[in-house]
2 protein chains.
Amino acid sequence: MVSEAHKDLAGLMRGHGILPTQQRMMLAKVLFEQNGHFSADQLMRQVNGDSDRVSKATVYNTLGLFARQGLLREIIVDPTRVFYCTNTEPHHHLYNIDTGELQDIETDSLVISDLPALPEGTVADGVDVIIRVRNDSDVN
Amino acid sequence: MVSEAHKDLAGLMRGHGILPTQQRMMLAKVLFEQNGHFSADQLMRQVNGDSDRVSKATVYNTLGLFARQGLLREIIVDPTRVFYCTNTEPHHHLYNIDTGELQDIETDSLVISDLPALPEGTVADGVDVIIRVRNDSDVN
DNA sequence: GTCAGTGCAAACCCTTTGCAGAAAG
DNA sequence: CTTTCTGCAAAGGGTTTGCACTGAC
């Protein structure tokens with residue numbers, strides 16, 4: 001079962017032009033068997049419970065690589081850190097500025113119509129919709 | 001004329017609970033007589049042409065203060081720097097990831113419907129819509 | 001054996017902070 | 001005079017980089 005999962009993840013990587021090394025497999029295992037949203041720091045802590053099996057540099061390199069190769073989506077919601085989302089389908093996000101929690105919103109519960117014409121010489125790269133919420137008790 | 005503009009900006013600040021000091025006036029002059037989108041760095045360069053009239057700390061403090069008091073809107077589109085927008089009406093943004101250019105999109109050219117229910121105990125703080133574009137010639 | 005990936009530590013860069021001096025009321 | 005603001009320089013924190021070592025094939 002573990003070896004099967006490994007095989008799937010390795011195939012997934014190869015299908016996206018990524019060489020499945022040991023460290024990338026460990027990171028992919030945490031990311032794609034769990035799914036959700038991860039910062040570099042969160043991912044590193046989950047992979048390296050006690051010992052240091054994957055270095056910080058490799059975590060950053062791998063997240064950037066996975067995002068470039070379409071395995072992850074980069075989410076810019078917080079000026080202090082970048083999040084990566086395992087859901088590569090079109091969807092939006094809800095961000096709690098108090099807790100730092102980030103969650104998906106399906107596209108069908110939020111419809112965007114009449115996208116404006118883009119400036120000449122540019123092509124769309126993506127549309128990000130972020131609903132920011134804060135805790136009700138906030139004194140603000 | 002200059003003194004009139006000063007008076008307007010001073011009144012604007014006082015109306016938002018901000019004490020109009022010399023440095024804040026200089027920054028407000030650049031921001032609100034020009035309008036648009038500014039990073040801390042861009043603003044500082046425009047205020048301090050040659051000499052250093054306003055310090056970096058004061059630029060950051062003032063941008064944060066203006067945003068908190070509703071004179072500016074903070075825009076998170078780039079993991080490397082925060083932008084501030086002088087347009088405080090509801091609107092969206094178009095961001096060119098190649099050039100770093102940021103421009104407004106009027107809300108009526110992009111309609112969002114069916115906002116989902118928010119998680120219990122949270123209140124909306126704002127909705128950000130960012131259309132990312134890149135230059136057509138990009139090799140990607 | 002060759003080329004790509006990894007780890008470590010240092011460098012980077014935007015932003016924030018501590019504190020002494022200056023300015024506003 | 002008291003309180004708030006400003007400036008400087010140093011610290012902070014996420015991210016990137018340089019380079020020698022290791023691993024994949």
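Atoms considered below: every heavy atom in the structure, side chains included; atoms not considered: hydrogens, waters and symmetry mates. So you know, we letter chains A, B, ... as the sequences are listed, proteins then strands, and number each from 1.
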**Student:** Give the rounded distance in Å between these two atoms: CG of A/D41 and C1' of D/dG13.
**Tutor:**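 Computing the A/D41:CG to D/dG13:C1' distance gives 10 Å.
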
**Student:** Taking all non-hydrogen atoms of both residues, which atom of B/G70 and which atom of B/T88 are closest, and how far apart?
**Tutor:** O-CG2, 3.5 Å

**Student:** Under a 3.5 Å threshold, yes or no: a donor from one side chain and an acceptor from the other, between B/S39 and B/D41?
**Tutor:** no

**Student:** Would you say B/T58 places a side-chain N or O within less than 4.0 Å of OP1 or OP2 belonging to D/dG7?
**Tutor:**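 The answer is yes; a side-chain N or O of B/T58 sits under 4.0 Å from OP1 or OP2.
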
**Student:** Do A/Y60 and A/L71 sit in the same hydrophobic cluster, where Ile, Leu, Val, Met, Phe, Trp and Tyr count as joined when their side-chain heavy atoms come under 4.5 Å apart?
**Tutor:**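 Different clusters: A/Y60 never reaches A/L71 through Ile, Leu, Val, Met, Phe, Trp or Tyr contacts under 4.5 Å.
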
**Student:** What is the distance, to the nearest angstrom, from the CE atom on B/M26 to the P atom on D/dC5?
**Tutor:**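 Taking CE of B/M26 and P of D/dC5, I get 16 Å after rounding.
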
**Student:** Quick one: label B/T80 by what it contacts on the DNA or RNA (base, sugar-phosphate, nothing), any heavy atom closer than 4.0 Å.
**Tutor:**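 Sugar-phosphate, backbone atoms only, no base.
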
**Student:** OP1, OP2 of D/dT6 versus side-chain N and O of B/R53: anything below 4.0 Å?
**Tutor:** no

**Student:** Indicate every side-chain donor-acceptor pair of residues 12-28 of chain B with a distance under 3.5 Å to a residue at least two apart or in another chain.
**Tutor:**
unit_1: B/H16; atom_1: ND1; unit_2: B/Q69; atom_2: O; d: 2.8
unit_1: B/T21; atom_1: OG1; unit_2: B/R24; atom_2: N; d: 3.4
unit_1: B/R24; atom_1: NH1; unit_2: B/L19; atom_2: O; d: 3.0

**Student:** Measure from CG on A/L65 to C1' on D/dT16 and round the result to the nearest Å.
**Tutor:** 15 Å

**Student:** Taking the nucleotide of DNA chain C with the closest heavy atom to each, which residue, B/A40 or B/Q22, is nearer the 5' end?
**Tutor:** B/A40

**Student:** Quick one: A/R81 CZ to D/dG13 P, roughly how many Å, whole number?
**Tutor:** 13 Å

**Student:** Quickly work out the B/N61 CG to D/dA9 C1' distance and round it to whole Å.
**Tutor:** 14 Å

**Student:** Starting from the 5' end of DNA chain C, give me the residue, B/Y84 or A/T21, whose nearest nucleotide shows up first.
**Tutor:** A/T21

**Student:** In whole angstrom, what separates B/L27's CG from D/dC5's C1'?
**Tutor:**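 Taking CG of B/L27 and C1' of D/dC5, I get 13 Å after rounding.
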
**Student:** Could you tell me how far apart B/F66 (CZ) and D/dC5 (P) are, to the nearest whole angstrom?
**Tutor:**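 So the CZ-P distance, B/F66 to D/dC5, works out to 11 Å.
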
**Student:** Are side-chain N/O atoms of B/N35 and B/N87 paired as donor and acceptor at under 3.5 Å?
**Tutor:**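 There is no such pair between these side chains.
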
**Student:** Distance alone, cut at 3.5 Å: any donor-acceptor contact between the side chains of A/H92 and A/D104?
**Tutor:**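 There is no such pair between these side chains.
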
**Student:** Checking B/D125 against A/Y95: is there a side-chain donor and acceptor pair closer than 3.5 Å?
**Tutor:** no

**Student:** With heavy atoms of chain A within less than 4.0 Å as the criterion, where does contact along DNA chain C begin and end?
**Tutor:** C/dG5 to C/dC8

**Student:** Check this one for me: any side-chain N or O of A/Q23 less than 4.0 Å away from OP1 or OP2 of D/dG23?
**Tutor:** no

